[in-house]
Amino acid sequence: MSLDLRGKSAVLFDMDGVLYDSMPHHVQAWSRTFADFGMHMDPLEVYMNEGCTGSYTISKVSLEQRGREATSQEIEDIYAHKAEIFRTLPEVGIMPGALELMANVRESGRKILIVTGSGQKNLITRVIRDFDGFIVRERMVTAFDVKRGKPFPDPYLKGLEIAGTGADRAVIVENAPLGIRAGVAAGIDVIAVNTGPLPDSVLLDEKPCALFHSVRELADYWKSNV
Ligand code: CA
């Protein structure tokens, strides 16, 4: 795998499935939530939709399964229910290799940002604590900072604005197909890390510049090659 990072001054990290091994929790929370509201969502679908805001996912499922848009009140209630289930699950673990990757990125002199579609307040608070020394709230884009989430480019464009850098000077680390699509739409090179159950081809279809099979593999690569 060759990856050219010359001229890149900022690294924009996705959060779920990259910094935290949180996707199995999201699968559980979404499955239970949709069941409680008379709809359903398969695990693989959670991975396919990953990266979108909760309201985007809820609207999509409602339209597909109930033949109508969810009202804004329903979206609010359903997302609150999902967030509450997520909150009651055991604490998610930091992704193996994520702290090492952050350290290697900082060591290589790049600016670090987090760009997430998440509106999960407890996890947003936690990331600042867990990655203390690498990340500050001012360098995070969350579901609260943009109107249109991934797969639109908006969150990553906002990230560039905060980093004060052009698209050609940044690189993204993403695990989700729609997250990669958002990054590519923003004109930024995306490094894919396939940390979930989807085949590589689903991620490669979105045209990342490289693909690794774990965050640790990328951390090791960064240490020896960047
Ligand atoms: Ca993700």
Side-chain angles (χ1 to χ4, degrees), residues 11-30 41 43-57 60 79 82-83 86 89 92-99 101-102 105 112-124 126-128 130-131 134-135 139-146 148-156 158-159 170-186 188-200 202-219:
V11 182
L12 279 51
F13 285 93
D14 169 51
M15 183 172 77
D16 288 288
V18 171
L19 301 180
Y20 288 105
D21 189 12
S22 46
M23 284 310 295
H25 283 52
H26 285 291
V27 168
Q28 222 186 109
W30 277 123
M41 182 169 259
L44 281 185
E45 222 180 321
V46 179
Y47 285 95
M48 287 304 292
N49 282 304
E50 187 194 341
C52 300
T53 56
S55 64
Y56 186 95
T57 302
K60 189 166 163 266
Y79 192 67
K82 186 258 174 177
F86 188 91
L89 295 173
V92 296
I94 295 176
M95 185 66 82
L99 281 163
L101 176 60
M102 284 269 184
V105 168
I112 295 174
L113 287 93
I114 293 178
V115 178
T116 176
S118 179
Q120 200 76 44
K121 285 186 177 141
N122 54 332
L123 205 50
I124 294 168
R126 216 190 116 187
V127 74
I128 295 167
D130 287 345
F131 292 87
F134 298 113
I135 190 77
R139 286 196 181 167
M140 274 186 84
V141 179
T142 73
F144 304 108
D145 302 311
V146 285
R148 298 191 311 176
K150 304 169 190 177
F152 293 103
D154 307 30
Y156 281 115
K158 180 87 186 162
V171 67
I172 291 168
V173 183
E174 259 289 353
N175 71 308
L178 297 183
I180 300 169
R181 190 180 301 174
V184 170
I188 307 169
D189 284 345
V190 182
I191 302 170
V193 282
N194 192 3
T195 59
L198 298 175
D200 286 352
V202 175
L203 275 68
L204 291 169
D205 280 350
E206 301 294 341
K207 308 279 179 250
C209 66
L211 184 141
F212 293 83
H213 293 98
S214 66
V215 173
R216 172 141 349 253
E217 192 190 357
L218 175 58

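One-based numbering, in listed order, for ligands and for the atoms of each.
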| task | Determine the sole option in Asn49, Asp14, Thr53 for which the side chain to side chain donor-acceptor pair (under 3.5 Å) test with Lys150 is passed. | result |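 Looking at Asn49, Asp14, Thr53, the match for Lys150 under the side chain to side chain donor-acceptor pair (under 3.5 Å) is Asp14.
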Starting from the Ca ion (ligand 1), look over the N/O/S atoms of [X] and name the nearest one.
| X | value |
| --- | --- |
| Asp14 | OD2 |
| Asp16 | O |
| Glu50 | OE2 |

| request: Examine all N, O or S atoms of Glu174, backbone included, and report whether one is under 3.0 Å from the Ca ion (ligand 1). | output: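 Looking at Glu174, which is the residue asked about, there is no N, O or S atom under 3.0 Å from the Ca ion (ligand 1).
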| request: Confirm or rule out an N/O/S atom of Asn175, from backbone or side chain, lying less than 3.0 Å from the Ca ion (ligand 1). | output: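 Short answer: yes, at least one N, O or S atom is under the cut-off.
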| query | Taking all non-hydrogen atoms of both residues, which atom of Val92 and which atom of Arg126 are closest, and how far apart? | reply |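 Residues Val92 and Arg126, closest heavy atoms: O-NH1, 2.7 Å.
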| query | Are Leu123 and Phe86 side-chain neighbours, meaning at least one heavy-atom pair lies under 4.5 Å? | reply |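 Yes - at least one pair of side-chain heavy atoms lies under 4.5 Å apart.
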| task | Could you tell me the separation between the OG1 atom of Thr57 and the CD atom of Glu45, rounded to the nearest 0.5 Å? | result |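 Between Thr57 OG1 and Glu45 CD, I get 9.5 Å after rounding to 0.5 Å.
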| query | Which class fits the ring pair Trp30 and Tyr79: parallel under 30°, tilted 30 to 60°, perpendicular over 60°? | reply |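 Tilted: the ring planes of Trp30 and Tyr79 meet at 30° to 60°.
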